[in-house]
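Take a look at the structure below.
Throughout, a chain's letter reflects where its sequence line sits, starting with A, and its residues are numbered from 1. Everything numeric here is computed off the predicted structure, so don't read it as measured data.
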Amino acid sequence: MGSAHRIARRPPRCPRIAGPFSLSHRCVGTAGGMNILAELQERFRAALAELVDDPTELLAMVRKSSEPKFGDYQANFAMALGKRLKRPPRDVAAEIVQRLQIDDLCEPPEVAGPGFINLRLKTDWLAAAATRTLASQRLGVTPAKEPRTYVVDYSSPNVAKPMHVGHIRSSVIGDSLKRTLRFLGHKVIADNHIGDWGTQFGMIIYGYKHFLDEAAYRQNAVAELGRLYKFVSRLVSYREAVRSLPEMRNRLAERRDDAAHLASVAQERSDDKGAAKAARKAEAGAKEQAAALQSLEAGIAEVESDPVLSKAAAAHPDIEKQVLEETAKLHRGDAENVSLWKEFLPACLEDIQRIYRRLDVSFDVTLGESFYNDRLPGVVNALVQRDIARESDGAMCVFLDDHKTPLVIRKQDGAFLYGTTDLATVQYRMETWHPDAMLYVVDHRQSLHFEQFFAAARLWGYDDVEMVHVSFGTVLGEDGRPFKTRSGDTVGLEGLLDEAVRRAYEVVSENDDKKPGGAEIEPERRREIAEVVGIGALKYADLSVNRTSDYTFSYDRMLALNGNTATYMQYAYARVFGSFAKGDIDVQELRASGAAIDLSHPAERALAVGLLQFFEALEAAAAEYRPNLLTTYLFDVAGAFSIFFDQCPVLKAETEELRTSRLLLCDLTARTLKQGLDLLGIKVVDKM
RNA sequence: GCGCCUGUAGCUCAGGGGAUAGAGCAACGGUUUCCUAAACCGUAGGUCGCAGGUUCGAAUCCUGCCAGGCGUACCA
């Protein structure tokens with residue numbers, strides 16, 4: 001534990017506070033923009049007005065059709081409404097269709113099955129809408145009419161140690177949410193709440209004072225600090241392990257006794273399912289305990305068999321206390337430790353910045369724990385004064401309804417905790433930016449903490465801001481345990497990036513070599529492409545899955561370059577450029593031509609429908625803070641493009657008009673893919 | 001013990017009241033004188049953990065059970 005600062009933060013399935021893009025906020029009409037779904041909903045709103053008081057809830061049942069044969073969109077509310085009005089659903093559907101003014105957009109609606117209303121967009125209308133979108137820099141996405149202010153809190157590594165795979169998800173998801181919300185016209189403050197003030201710095205300081213290799217430090221300060229951190233942390237773990245050993249052994253003995261006892265009970269009462277279950281459980285508990293003990297002993301043996309470590313361990317028997325003392329001195333303002341901290345911090349920050357540059361992840365502010373240090377006593381005082389916090393067992397606590405355990409904001413020894421800092425952070429953000437919402441992109445293991453801290457913040461008076469724990473599952477190793485390599489080290493982020501790029505380089509080269517006209521990409525350019533493809537694949541792997549469930553780390557999955565991956569979209573984009581280059585097309589000229597898109601082929605039509613759904617895909621992704629809704633959309637668009645490109649000759653189209661129309665469709669596809677990938681933080685290349 | 005989350009194709013995962021449950025990978029078969037075959041098309045593969053319930057309609061909501069993960073006041 002404590003291996004990361006906040007490696008882990010998804011929105012509640014049913015947010016109590018409506019998301020920013022709930023129906024009532026959706027823009028009305030499509031003036032200048034193109035949100036087909038929103039437009040259809042408005043048409044239905046008018047048609048429903050005389051049947052129900054508030055159609056908003058029903059309008060959520062207008063959606064994309066489940067199958068192409070049911071048209072492009074469908075409305076599913078007639079069945080529910082029929083029930084409510086005590087009328088046959090098909091009659092209700094027929095009446096709504098009667099009232100619905102939609103003939104400018106759609107073919108005559110069809111009532112199907114029990115009362116589904118199926119809508120098929122007019123191909124002429126689609127063509128005109130796609131043509132209009134060509135002229136839109138923002139691809140038909142209009143900025144929010146009521147912009148909100150968001151603070152997005154993501155990545156948040158502990159800067160005293162190298163970043164590892166556990167940090168990717170928060171960084172990548174948070175950065176995508178920032179980009180998407182901002183593109184939709186909201187004000188977004190991206191904040192990297194780094195861990196720069198905790199025990200890890202106590203370890204580095206202690207290590208610096210006792211184990212420093214000065215030459216190494218002069219040569220590469222960050223590497224040496226990393227080594228010191230790891231070294232001290234192993235000694236501390238060793239001490240803790242040794243100390244807990246007797247207890248662990250006792251507990252194992254107890255568990256084994258329990259298991260043996262319950263097993264005999266279960267045997268006596270062979271028809272008692274509860275007893276059998278209890279026995280199984282106890283057996284599992286004993287095994288778990290044995291495994292824990294074994295791993296503890298293995299860790300101890302490892303240190304003791306290493307001459308350097310064992311010698312250091314013997315020489316520093318009270319290292320745990322000493323490390324805590326160094327941390328406490330830092331917090332008290334001890335001149336030497338503060339000066340060391342100031343010396344270490346820039347190097348640590350520069351080190352993580354290198355990774356962010358490569359990942360193309362950025363922040364507007366980096367306000368770590370240390371930034372809030374001065375506010376912490378004030379936070380506690382304010383909460384005490386308002387009777388929100390009270391003392392319990394010597395600690396200052398906020399007791400909450402619905403929670404057995406309180407949120408502790410000051411320890412017995414007077415030290416503050418991360419909950420205190422989190423509250424101070426809320427206070428600062430509210431004073432500084434007055435946000436409408438704060439998003440915490442952190443893994444689900446911290447959900448209890450966020451429930452408690454949000455509740456405490458509301459008690460404190462911050463109850464008109466939406467606070468959302470955008471949580472996600474933990475990255476686990478292939479053995480089901482957190483991200484470790486075979487040798488037991490955590491998988492460093494940098495190594496992972498290198499591996500991703502290395503694999504991408506192989507694939508890029510392989511594919512370039514087998515091009516019909518021979519290889520066309522220089523090695524240096526291949527390397528640049530590999531960087532874009534490799535990093536894109538890595539990010540896409542994290543963005544394309546949803547779920548709070550943990551997922552299993554796998555190089556093959558994260559670095560896959562086939563199927564539903566960023567590579568597929570990048571490839572579609574590159575193909576457009578390839579054909580433009582081959583046809584010697586001047587894109588600026590093409591765009592300026594004022595020519596119109598025509599959709600005579602089914603594959604053209606399907607592609608156009610997809611392209612016109614960009615806006616609604618973005619709104620869906622933003623409303624639920626789920627980038628995977630955007631990846632799914634882009635995969636659909638790229639798929640529609642691949643089919644189109646397969647079936648519809650572009651450069652060799654039958655007529656000049658058709659050729660131009662298809663070139664425009666290609667251009668719009670490329671722009672949509674590029675923009676969409678950009679909102680995921682993924683780049684494109686013209687050739688691959 | 002209590003709380004939260006998860007269980008969908010061989011694997012990794014979408015879908016989270018709506019019509020015949022999808023994708024990628026893996027398997028098998030097909031498509032290239034033609035804009036990048038990193039593609040496209042097809043075949044095969046599922047009692048959506050189990051059992052009840054609510055509903056016109058349940059993979060989806062509710063209850064119970066089974067299995068797994070995580071968390072459970074002074075780490076972050």
Side-chain angles (χ1 to χ4, degrees), chain A residues 1-8 13 61 63 65-67 69-70 74 76 79-80 82-83 89 112-116 156 158 195 198-200 277 369 392-399 402-413 415-419 421 443-449 451-452 471 473-474 476 480 507-508 510-512 514-517 520 533 541 544-552 554 556-557 560-565 567-568 570-572 574-583 628 631-632 635 639 642-643 645-652 662 666 687-688:
Chain A
M1 280 301 112
S3 63
H5 175 54
R6 271 182 183 176
I7 53 167
R13 181 159 293 177
M61 295 166 81
R63 52 187 57 178
S65 287
S66 54
E67 285 185 63
K69 71 173 178 189
F70 299 135
Q74 63 185 142
N76 299 336
M79 287 78 84
K83 190 83 178 175
F116 295 104
S156 312
N158 193 308
T199 313
Q200 291 76 13
K277 188 183 159 186
E369 293 173 314
S392 170
D393 279 348
M396 202 55 79
C397 303
V398 180
F399 286 89
D402 310 327
H403 290 286
K404 285 184 183 168
T405 56
L407 180 75
V408 178
I409 56 174
R410 195 177 67 206
K411 305 202 296 191
Q412 286 173 328
D413 66 8
F416 302 106
L417 294 103
Y418 76 140
T421 309
D443 98 56
H444 70 85
R445 289 178 295 188
Q446 294 191 40
S447 58
L448 177 60
H449 168 70
E451 275 177 35
Q452 294 189 316
S471 81
T474 312
L476 300 176
V507 175
V508 169
E510 189 184 319
N511 283 285
D512 189 41
K514 69 175 192 211
K515 277 178 188 162
E520 43 189 61
V533 171
S544 59
V545 292
N546 179 37
R547 288 284 157 159
T548 59
S549 60
D550 299 337
Y551 78 79
T552 304
S554 148
D556 289 339
R557 189 179 79 78
L561 301 172
N562 283 314
N564 185 3
T565 64
T567 312
Y568 183 71
Q570 290 167 326
Y571 177 63
R575 284 172 108 185
V576 171
F577 266 79
S579 62
F580 280 16
K582 191 139 199 164
N628 77 307
T631 62
T632 301
F635 185 55
S642 292
I643 294 169
F645 206 64
D646 200 56
Q647 299 184 357
C648 302
V650 178
L651 296 174
K652 295 186 180 171
R662 285 179 177 168
C666 284
K687 194 189 272 189
M688 59 190 278

Value in whole Å for how far the [atom2] atom of [N] lies from [atom1] of [X]:
X	N	atom1	atom2	answer
H444(A)	C70(B)	NE2	P	8 Å
E451(A)	C2(B)	CD	P	17 Å
L417(A)	A73(B)	CG	C1'	9 Å
H449(A)	G3(B)	NE2	C1'	17 Å
M79(A)	A58(B)	CE	P	12 Å
N76(A)	G57(B)	CG	C1'	11 Å
Q452(A)	G71(B)	CD	P	15 Å
R662(A)	C34(B)	CZ	P	18 Å

Counting the atoms with a prime plus P, OP1 and OP2 as sugar-phosphate, which does [X] contact under 4.0 Å by heavy atoms, base, sugar-phosphate, or nothing?
X	answer
V576(A)	nothing
Y568(A)	sugar-phosphate
K687(A)	base
M688(A)	base
F645(A)	base
D413(A)	nothing
N564(A)	sugar-phosphate
L651(A)	base
A581(A)	nothing
T567(A)	base

Using only heavy-atom distances, decide whether a donor-acceptor pair under 3.5 angstrom links the side-chain of [X] to the base of [N].
X	N	answer
Q74(A)	A19(B)	yes
S392(A)	A73(B)	yes
Y571(A)	A38(B)	no

Can you confirm whether V508(A) sits close enough to M688(A) that some side-chain heavy atom of one is under 4.5 Å from a side-chain heavy atom of the other?
no
Quick one, S544(A) and F635(A) - any side-chain contact, counting heavy atoms below 4.5 Å?
no
Taking the same atom, [atom1], in [N] and in [M], what whole-Å distance lies between them?
N	M	atom1	result
G42(B)	A23(B)	P	10 Å
G17(B)	C61(B)	P	6 Å
U55(B)	U60(B)	C1'	13 Å
G49(B)	U6(B)	C1'	11 Å
C11(B)	A27(B)	C1'	12 Å
A19(B)	G7(B)	C1'	26 Å

Looking at E369(A) and T421(A), would you say the former's side chain and the latter's main chain have a donor-acceptor pair under 3.5 Å?
no
Is a donor on one side and an acceptor on the other found under 3.5 Å between the side chain of Q452(A) and the backbone of T405(A)?
yes
Please tell me which of A112(A) and P406(A) maps to the more 5' nucleotide of RNA chain B, matching each residue to the nucleotide holding its nearest heavy atom.
A112(A)
Find which nucleotide of RNA chain B each of A395(A) and L561(A) is nearest to by heavy atoms, and output the residue with the more 5' nucleotide.
L561(A)
Less than 4.0 angstrom between a side-chain N/O of R445(A) and OP1 or OP2 of A76(B), yes or no?
no
Once pairs are restricted to Watson-Crick or G-U wobble with both distances under 3.5 Å, how does RNA chain B read as a dot-bracket string, [ ] for crossings and | for other-strand pairs?
(((((((..((((....[...)))).(((((.......))))).....(((((..]....))))))))))))....
So if I take every side-chain heavy atom of [X] and compare against [options], which nucleotide ends up nearest?
X	options	result
A574(A)	A19(B), U36(B), C4(B)	U36(B)
E67(A)	A19(B), G71(B), C40(B)	A19(B)
F116(A)	A73(B), A19(B), A38(B)	A19(B)
V545(A)	G24(B), C13(B), U36(B)	C13(B)

Verdict with supporting geometry, F70(A) and F116(A), ring pair (Phe, Tyr, Trp, His ring centres under 6.0 Å)
CA-CA 9 Å; F70(A) 299 135; F116(A) 295 104; 7.2 Å; no
